[in-house]
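Notes to accompany the following structure.
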Amino acid sequence: MESQVGGGPAGPALPNGPLLGTNGATDDSKTNLIVNYLPQNMTQDEFKSLFGSIGDIESCKLVRDKITGQSLGYGFVNYSDPNDADKAINTLNGLKLQTKTIKVSYARPSSASIRDANLYVSGLPKTMSQKEMEQLFSQYGRIITSRILVDQVTGVSRGVGFIRFDKRIEAEEAIKGLNGQKPLGAAEPITVKFANNPSQKTGQALLTHLYQSSARRYAGPLHHQTQRFRLDNLLNMAYGVKRFSPIAIDGMSGLAGVGLSGGAAGAGWCIFVYNLSPEADESVLWQLFGPFGAVTNVKVIRDFTTNKCKGFGFVTMTNYDEAAMAIASLNGYRLGERVLQVSFKTSKQHKA
DNA sequence: TTTTATT
């Protein structure tokens, strides 16, 4: 299915170049593997135990989306012994796990030049095979993977596919050379462009999803509601309280002592975020809350000695409506394995 | 007319 390239040994040593590998440094190219097409629901623990069954693992990582915590369907395994890495490829590559056939290969050295090298191709002749598509593109560089999407029922090509090159430059050249061109004997020209980057898309998709799902659950069809009314309903959800008068929001009555922060951090609405993972960092909070509006400050509360997150943090937002929308949307949101609790920070300290 | 390949 996929091309079997991937990783491969490093190129020949340069004449007169420095001799590498004589100082006892680890040669990652022989121990570090990339694993692709993992089932979506596989956990880090399952991933580790599967590959740990081959031999001693130096480190391994199931790659997850920064924001949602969802598995991205691939991971890395670094073995202590190169022989185990080789054994893992021989025994686990092609293994069927649920609906997926996993791919295990040597990881290429990580570098900026291999990122964003994935192309989206459309307008392909329905008769074109994956191999033919690869032949068309291989003149521009080394192909890491290719895929043609097919109709799930009939199995016939949808005329749409992906090509991942080893280097971004190669992908750029392929766009220049093939976008708008007709393959030999084809009636229509093909479109070649960079594929959507899933990691960038997530924020937007998350937002859209949250808005739509909250609005539907709590306010009914959007076209029957005004902005004001929708926000009111979202607030009902955020507080778990029935609110009878929308005017209460505008006046912000009933909210005394809640959320509004003064002090050195500047004015704004302070939001309490609970059930963050020990690995959570500030960037996660920026990414989660940023899409809802102006965020002036985020803070992850960490243990002094371990520097791990103690499970909660704070976010300050400038505008009340945006803060309320963020709370309504993100409270109860599942972040990885955890369900977030999000609310305005309450001031328990005040003694009247 | 968008699958989940770079920590």
Side-chain angles (χ1 to χ4, degrees), chain A residues 1-8 10 26 28-29 31-42 44 47-48 51 57-79 85 89 92-93 97-126 130 133-134 141-152 157-168 170-171 175 179-180 188-206 208 279 281 283:
Chain A
M1 191 162 152
E2 305 80 34
S3 318
Q4 290 306 312
V5 276
T26 309
D28 275 1
S29 73
T31 57
N32 196 20
L33 303 182
I34 185 164
V35 185
N36 290 292
Y37 308 106
L38 291 167
Q40 195 65 44
N41 58 5
M42 180 177 256
Q44 165 79 31
F47 181 63
K48 183 174 184 177
F51 286 88
I57 290 176
E58 182 76 23
S59 63
C60 75
K61 179 170 195 175
L62 177 67
V63 180
R64 296 168 169 275
D65 183 283
K66 257 247 177 76
I67 303 173
T68 66
Q70 297 296 306
S71 164
L72 291 181
Y74 69 92
F76 296 91
V77 182
N78 204 338
Y79 283 101
I89 292 176
L92 296 177
N93 183 41
L97 250 33
Q98 300 172 27
T99 65
K100 307 275 193 173
T101 301
I102 71 169
K103 179 179 175 182
V104 185
S105 55
Y106 287 111
R108 292 170 287 162
S110 181
S111 87
S113 64
I114 67 173
R115 294 176 56 176
D116 301 317
N118 195 21
L119 296 180
Y120 174 77
V121 187
S122 59
L124 292 165
K126 301 280 198 285
Q130 185 186 14
M133 180 175 73
E134 281 199 12
R142 176 182 176 215
I143 295 171
I144 300 300
T145 56
S146 71
R147 165 166 295 184
I148 287 181
L149 303 186
V150 298
D151 184 286
Q152 294 215 334
S157 165
R158 292 167 54 197
V160 171
F162 292 89
I163 295 274
R164 179 179 298 278
F165 278 102
D166 182 38
K167 298 276 191 288
R168 182 178 172 91
E170 298 168 341
I175 291 175
N179 183 37
E188 300 297 326
I190 61 173
T191 299
V192 184
K193 53 205 250 193
F194 283 109
N196 288 343
N197 191 332
S199 60
Q200 280 215 320
K201 193 182 65 177
T202 314
Q204 210 45 260
L206 170 68
T208 306
E279 285 71 37
D281 63 357
S283 72

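Lettering follows sequence order; numbering is per chain, from 1.
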Round to a whole Å and report the spacing from [atom1] of [X] to [atom2] of [N].
| X | N | atom1 | atom2 | value |
| --- | --- | --- | --- | --- |
| A/I148 | B/dT4 | CD1 | P | 14 Å |
| A/K193 | B/dT2 | NZ | C1' | 9 Å |
| A/F165 | B/dT6 | CZ | P | 15 Å |
| A/D28 | B/dT6 | CG | C1' | 13 Å |
| A/M133 | B/dT2 | CE | P | 15 Å |
| A/K126 | B/dT1 | NZ | P | 9 Å |
| A/Y74 | B/dT6 | OH | C1' | 6 Å |
| A/F51 | B/dT7 | CZ | P | 18 Å |

Gap between atom OH of A/Y74 and atom CG of A/L38 - 0.5 Å precision:
11.0 Å
Taking atom NZ of A/K48 and atom CD1 of A/I57, what is their separation to the nearest 0.5 Å?
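With rounding to 0.5 Å, NZ (A/K48) is 7.0 Å from CD1 (A/I57).
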Given [options], the nucleotide with the shortest approach to the side chain of [X]:
| X | options | result |
| --- | --- | --- |
| A/N32 | B/dT6, B/dT1, B/dT7 | B/dT7 |
| A/R147 | B/dT2, B/dT7, B/dT3 | B/dT3 |
| A/K100 | B/dT4, B/dT2, B/dT6 | B/dT4 |
| A/F162 | B/dT6, B/dT1, B/dT3 | B/dT3 |
| A/R115 | B/dT3, B/dT2, B/dT6 | B/dT6 |
| A/I114 | B/dT4, B/dT6, B/dT1 | B/dT6 |

Any donor-acceptor pair, under 3.5 Å, between the side chain of A/N118 and the base of B/dT3, if you only look at N and O atoms?
yes
Run the numbers on A/E58 and A/N32 for side chain to side chain donor-acceptor pair (under 3.5 Å), then give the verdict.
CA-CA 9 Å; A/E58 182 76 23; A/N32 196 20; over 6 Å; no
Just checking A/S110: base, sugar-phosphate only, or nothing, at a heavy-atom cut-off of under 4.0 Å?
base
Mapping A/V160 and A/L33 onto DNA chain B by nearest heavy atom, which one lands closer to the 5' end?
A/V160
Given that A/S59 and A/Q40 both sit by DNA chain B, which one's nearest nucleotide is further toward the 5' end?
A/Q40
For the side-chain contact (heavy atoms from CB on, under 4.5 Å) test, which of A/L149, A/V121, A/L119 pairs with A/F162?
A/L149
Does A/R164 put a side-chain nitrogen or oxygen below 4.0 Å from OP1 or OP2 of B/dT4?
no
Please report whether the ring centroid of A/F194 lies less than 6.0 Å from that of A/Y120.
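That pair fails the under 6.0 Å test.
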